[in-house]
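Notes for the one structure printed next.
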Amino acid sequence: MPGIPRDLCLRCKGYRNLCGLGYCPLLRGFRGKVKMISRINDTRVDGATPPSALVGEHGYPYVNVYIGLPPSIHGDEAKKYDDPSLWFLRLGLGDIIELRSQLMYAKKKAKVNDPWVLYEEEIGLAALSRKPVDAEAELSGIPRPKLRLDPLLPPIGPTISARRIRVAGNPSLHPVLEKLIWDDVKAEEAVWTLHREGLDHYEIVRALSLGLIGTIKRRKLVPTRWSITAVDSIVAKMYLRTIHLSRPISDVLVYHAEYLYNKYTVILYPGRYSSEWIEVWMPNSLWNPHAEPSILIIHDDYWGRPEKMDGGFLAARTPILEHLASVRRQAKVIILREVAPQYIYPVGNWQIRMTVAEALRRGPVLRNPMKKELLTYLRRTHSVPTHIYDHIVKKIYNERQTTIDDFKK
Amino acid sequence: MVRIVYPEAKYIKSIIDVLAKLADEVAFQLTSDGLRVKALDPARVALIDIDLPPTAFLEYNVPEDTIAGISTANLAKLLKKIKKGDKFVMEVTEDTITITVESISRRKYRFRNMEVPVPDIPEAKLEFNVEAQLLVDVIKHAIKDAEAVGDTLEIEAPDEVTLYLRGVGTTTTETKLTRDMAALIDLVVKEPSKSAYQLEYLKHVVNLTRIAEIVVLRFSSDMPLEMEFSLAEGRVKYLLAPKAI
């Protein structure tokens, strides 16, 4: 398991809880897989897709399209296998691992500039449905549960190539989305329309990645990972238009929320828009096997152009821009993310987007704190290296830049 | 119709790259005195002032004062593939702007002449206590060095013969220049001065070091810094407000 030293697992064998999680992530995932595979006894598998669909990026432009099916699970029951908004704040990491490992992925090859193949089989439409859709896959073999002690592989369900995927149920789409599929509208516009209609982030991502929106002649399959960030980036661009026309806020506001061993503190302070993302991975956490915390800092400028493309940063920025646009104010933003070693399974960046949104929904925990107050608060809630706190405090209280107007005569 | 031809499109590109970092849209003011562009960044910290006299152009046909409103981001994108020796031709009518890049082929771009208000630019009458003339490479390297250690460049002239360019952060870097060095062409100090500027803004002008050889720095203690880049014909001035202490 990532983050957990392997010899610890060998000594623990799943019952001594040496990793401190209170459950064994390996067994939890394995149990899910066994549960699922016991329901498959033929190469023909049926189930309802929650919906869940992914487009891989390896081998681009020849990519894999994955359809997630929980075998023999039908109707609304299937929804919970892939629905971050249902999981958020209700499920722990262990529950998510167990659910995820019960989802079998049927794989098909496709060429990115030929999304029409998916139209024929209605896979695309099924993937955009608001309700689970019954489907049937003819697999090339029967999956077997395997317990993998691989430090890099999260416990996900097996992927198996499918000879044929047949959609049996009726997909039910959001009316606006249904219309946009037939419209010859640029993807950027379509994404923004869907976002304003209040569609879930991942619904829009699926529409974009399966090539169901965009100028008709130029539709393409977009690897899921890319389209997640593309949607964030489009939405941010639109919100920034409103934000640029708004007045700066006059207070320093501090927000905080945590979920799945990820802590977020968002600080808004007076000034023209720009943001800073500080991501700290504690020692021994998922992407940091070293003994020192590793730190990533990314800025973006007034126009919202980040120095480096980072999916996590863009995901965290979206709810903040949405908030600023809704109150019609601009502000300088600092987002601090601290990842604890217990976060052993990367669930996806919905976790970032939703936790930051939750922090803003809860309202500020501090309003116009004194320098000392803010420092104490940060020290109490986070355990990142102290120079980060100094950096933040310095940015907010010392960063005084004069303007040319100050020297007008 | 207004038509101007600039002999080296690469120079225009460097200038546009700097403009694009400061403002979305800029107004090119074409008068009989030449091409003038003034732009202020949204935070009102930096001001750029470009002045290219008619003599800088191969052809300068401006029968009446005209303003060309241009989206800098778009133009920067168009000029990406420019080669050395390409000619830059701009034609402006009331509604459209046509830009032609003449090289081995002729590439034409036409876009709408946007209505860009000429920004209300604070006319700051500033007195500078220090004036230093130096080779652009020195300032370029000082900015790059300072970027490696922090976010501030401190400039200090403690006496009549020395100039320091310091990068200040957790560690510091220092470039020391004295009168007897070839890189410092001239230094006039009326009063010892020291001031600090944000690199965030200074690094934009690094692009300009490609098209000029000499830069004149003017500043006073905790007052704006003026950098003047002299081109073969014309000049670019960059005024930057200091960090407050």
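Values below: all heavy atoms of this structure, side chains included; hydrogens, waters and symmetry mates excluded. Treat the numbers as computed from the prediction; the structure is a model and nothing was measured.
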What's the spacing between [X] [atom1] and [Y] [atom2] if we round to 0.5 Å?
X: Asp151(B); Y: Lys394(A); atom1: CG; atom2: NZ; answer: 6.0 Å
X: Asp41(B); Y: Arg272(A); atom1: CG; atom2: CZ; answer: 8.0 Å
X: Glu200(B); Y: Asp301(A); atom1: CD; atom2: CG; answer: 7.5 Å
X: Tyr302(A); Y: Asp24(B); atom1: OH; atom2: CG; answer: 8.0 Å

- Query: Given that the side chain runs from C-beta out, which part of Ala46(B) has a heavy atom under 4.5 Å from chain A: side chain, backbone, both or neither?
  - Reply: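 It is the backbone, since no side chain atom gets that close.
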
Is the number of heavy atoms from other residues, nucleotides or ligands under 6.0 Å of [X] [atom1] greater than 12?
X: Arg107(B); atom1: CZ; result: yes
X: Arg305(A); atom1: CZ; result: yes
X: Tyr255(A); atom1: OH; result: yes
X: Lys237(A); atom1: NZ; result: no
X: Arg218(A); atom1: CZ; result: no

- Under the criterion side chain to side chain contact (heavy atoms under 4.5 Å, CB included), which of Leu240(B), Leu126(B), Leu239(B) is the partner of Ile404(A)?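 Considering Leu240(B), Leu126(B), Leu239(B), a side chain to side chain contact (heavy atoms under 4.5 Å, CB included) with Ile404(A) is found only for Leu239(B).
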
